[in-house]
Q: 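Okay, handing you the structure first.
The structure displayed is predicted, hence computed values, not measured ones.
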Amino acid sequence: MSYQITDCSALQAAQLCAAMNAAFSDYVVPLSLTAERFEEFQRQRGFSPEHSFAAMQGEEIAGFWFSSQPLSAYENRAYTLSVGTVPAHRRKGLSRRLLQQVIARQQSDGGSGLQLEVITSNDKAVKAYEDFGFKACRTLRVCGTSGPRPAQTGHPDFTLETMSVDHLPADESAFFDTLPTPQNGRAALCALREKTCVLGVQIEGSLVGWGASYLDGSVAQIAVHRDYRRRGIGRALLQGLWNATAAEHLTFVNIDVAAETVNAFLDRSGVKDRIHQSEMHLTFED
């Protein structure tokens, strides 16, 4: 079989969605994204058709490497959204060939490397990325709430306000202990602003904390200024987000295990771990 490697500029979203569903059709929980969910997936994670590549056999997509453009917020690394090969086309070296094209395009546009997440227990995938030159950089929690939805309680010192993403501060350094992954970063919130709930707390006219959740209950950010922690702001934001969505539970995807403050807060809030992921980086050679 012969394959042609091409970027995704001329491929339709429906083709890409079908290929992604096919590539993950034999997983324990098969993937079945609708066209709408796939479009949200692309927007949230910064899909760039010019920086993403597909292995074509005729008109069929046999494999793909979906990528963003280089991201200045992540030291000009690009984010790998997803990598997959349709079952009938596996073990033919397509992922390596796709990666070579992704690297070439990224380097031509000033990219410094790639980053992605992989489930830590998926030994086969971890080994494959290591063979490609990726190195594990940090471990990430995926966890969620359990139990009934909490009742919203008031607080004498502050109230929650519905906000726009545009009202969040440009300098987030006093709010985050570690950098959010790209799917939870500012660009992702802006890309899905119509499907994002943002609640904030102001004290004496200054924003001291906010929470941002997608409408499906996936919490992208809970951030409280270091000078205002342990005053109940985080818990109020968590309750507010839960009550603002129709989701039965809240999910926290990719929380850096090294972020001691936020993890302690989540543990006190009763969240339960689901899986762990490894964030892996590939640095391009000069």
Side-chain angles (χ1 to χ4, degrees), residues 16 19-33 37-38 41-42 44-48 51-55 62-71 73-87 89-103 106 111-144 178-185 188 218-220 251-259 263 272-284:
L16 301 176
M20 189 168 172
N21 285 336
F24 298 103
S25 62
D26 59 349
Y27 275 44
V28 175
V29 180
L31 189 66
S32 184
L33 290 179
R37 290 291 293 168
F38 182 72
F41 165 83
Q42 288 181 301
Q44 177 191 11
R45 303 183 182 219
F47 174 80
S48 170
H51 297 88
S52 300
F53 287 80
F64 55 85
W65 193 299
F66 296 154
S67 175
S68 74
Q69 64 184 4
L71 303 173
Y74 297 87
E75 300 178 349
N76 277 345
R77 291 186 303 273
Y79 184 49
T80 292
L81 287 70
S82 184
V83 180
T85 304
V86 175
H89 300 278
R90 290 176 184 160
R91 301 183 184 280
K92 301 182 186 300
L94 294 182
S95 292
R96 187 175 293 276
R97 290 180 60 187
L98 289 163
L99 175 59
Q100 290 170 347
Q101 293 300 313
V102 170
I103 290 174
Q106 295 287 347
S112 65
L114 302 174
Q115 69 180 73
L116 52 79
E117 298 107 33
V118 59
I119 297 174
T120 55
S121 60
N122 189 343
D123 296 335
K124 184 177 179 180
V126 171
K127 179 62 166 58
Y129 289 126
E130 288 175 341
D131 289 345
F132 291 155
F134 284 84
K135 298 183 184 301
C137 293
R138 58 177 176 169
T139 301
L140 307 166
R141 293 177 77 185
V142 178
C143 50
T178 59
L179 189 67
T181 57
Q183 72 190 71
N184 294 325
S218 297
V219 178
T251 302
F252 304 84
V253 179
N254 293 343
I255 305 297
D256 190 339
V257 299
N263 281 291
K272 304 299 182 184
D273 280 357
R274 298 178 180 174
I275 60 172
H276 283 81
Q277 299 206 102
S278 179
E279 181 176 282
M280 306 185 77
H281 292 183
L282 173 66
T283 301
F284 300 152

Q: State the OG-CD distance between Ser278 and Glu130, to the nearest 0.5 angstrom.
A: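 With rounding to 0.5 Å, OG (Ser278) is 8.0 Å from CD (Glu130).
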
Q: Which of these passes side-chain contact (heavy atoms from CB on, under 4.5 Å) with Gln106: Ser112, Ser67, Ser68?
A: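 Exactly one pass, corresponding to Ser67.
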
Q: Would you name the heavy atoms of Phe41 and Ser82 that are closest together and state the gap between them?
A: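 The pair with the smallest heavy-atom distance is CZ-CB, 4.1 Å.
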
Q: Out of curiosity, Ser218 OG to Gln44 CD, how far, rounded to the nearest 0.5 Å?
A: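 With rounding to 0.5 Å, OG (Ser218) is 7.5 Å from CD (Gln44).
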
Q: What are the two closest heavy atoms between Pro87 and Asp26, and how far apart are they?
A: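 Here Pro87 and Asp26 meet closest at CG-OD2, 4.0 Å.
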
Q: To the nearest 0.5 Å, how far apart are CG in Leu116 and CG in Leu282?
A: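 Taking CG in Leu116 and CG in Leu282, the distance rounds to 8.5 Å.
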
Q: Please lay out, stage by stage, how Leu114 and Phe134 fare under the test side chain to side chain contact (heavy atoms under 4.5 Å, CB included).
A: CA-CA 8 Å; Leu114 302 174; Phe134 284 84; 4.0 Å; yes

Q: Please find the pair of heavy atoms, one from Gly63 and one from Leu98, that lie closest to each other, and give the distance.
A: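 Scanning both residues completely, I find the closest heavy atoms to be C-CD1, 3.8 Å.
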
Q: Hey, which of Thr80, Val253, Thr181 is the one that makes side-chain contact (heavy atoms from CB on, under 4.5 Å) with Glu117?
A: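 Going through the options one by one, the only one that passes is Thr181.
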
Q: Measure the spacing between OH of Tyr129 and CE of Met280 and express it to the nearest 0.5 Å.
A: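 With rounding to 0.5 Å, OH (Tyr129) is 9.0 Å from CE (Met280).
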
Q: Step by step, would you call Leu140 with Ile255 a side chain to side chain contact (heavy atoms under 4.5 Å, CB included)?
A: CA-CA 5 Å; Leu140 307 166; Ile255 305 297; over 6 Å; no

Q: Measuring centre to centre across the rings, with the benzene-like ring taken for any Trp, is Phe66 within less than 6.0 Å of Phe64?
A: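 Yes, ring centres under 6.0 Å apart.
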
Q: Restricting to non-hydrogen atoms, name the atom on Asn184 and the atom on Ala220 that form the minimum distance, rounded to 0.1 Å.
A: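 The pair with the smallest heavy-atom distance is CB-O, 3.4 Å.
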
Q: Only one of Val142, Asp273, Val219 passes side-chain contact (heavy atoms from CB on, under 4.5 Å) with Phe252; say which it is.
A: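 The residue from Val142, Asp273, Val219 that satisfies side-chain contact (heavy atoms from CB on, under 4.5 Å) with Phe252 turns out to be Val219.
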
Q: Which atom pair, heavy atoms only, marks the closest approach of Arg138 to Asp256?
A: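 Between these two residues, the closest heavy atoms are NH1-OD2, 3.1 Å.
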
Q: With rounding to the nearest 0.5 angstrom, report the CZ to CG distance, Arg141 to Asn263.
A: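 Rounded to the nearest 0.5 Å, the CZ-CG separation comes to 4.5 Å.
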
Q: Could you pull out all residues at least two apart from Tyr79 that satisfy ring pair (Phe, Tyr, Trp, His ring centres under 6.0 Å)?
A: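 With neighbours one apart ignored, the set is empty.
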
Q: Backbone N or O of Pro70 within a donor-acceptor pair of the Asn76 side chain at under 3.5 Å?
A: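 Side chain of Asn76 to backbone of Pro70, a donor-acceptor pair under 3.5 Å: no, none is there.
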
Q: Between Arg96 and Asp131, is a side chain to side chain contact (heavy atoms under 4.5 Å, CB included) present by the stated rule, with each step listed?
A: CA-CA 10 Å; Arg96 187 175 293 276; Asp131 289 345; 4.2 Å; yes

Q: Take Leu71 and Gln115 through the test side chain to side chain contact (heavy atoms under 4.5 Å, CB included) and record every step on the way to the result.
A: CA-CA 10 Å; Leu71 303 173; Gln115 69 180 73; over 6 Å; no

Q: Give the minimum heavy-atom separation between Phe132 and Ser95, together with the two atoms involved.
A: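 Distance-wise, the nearest heavy atoms are CZ-CB, 3.9 Å.
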
Q: Give, for atom CG of Leu94 and atom OG1 of Thr85, the distance between the pair rounded to the nearest 0.5 Å.
A: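 If I round to the nearest 0.5 Å, the distance is 5.5 Å.
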
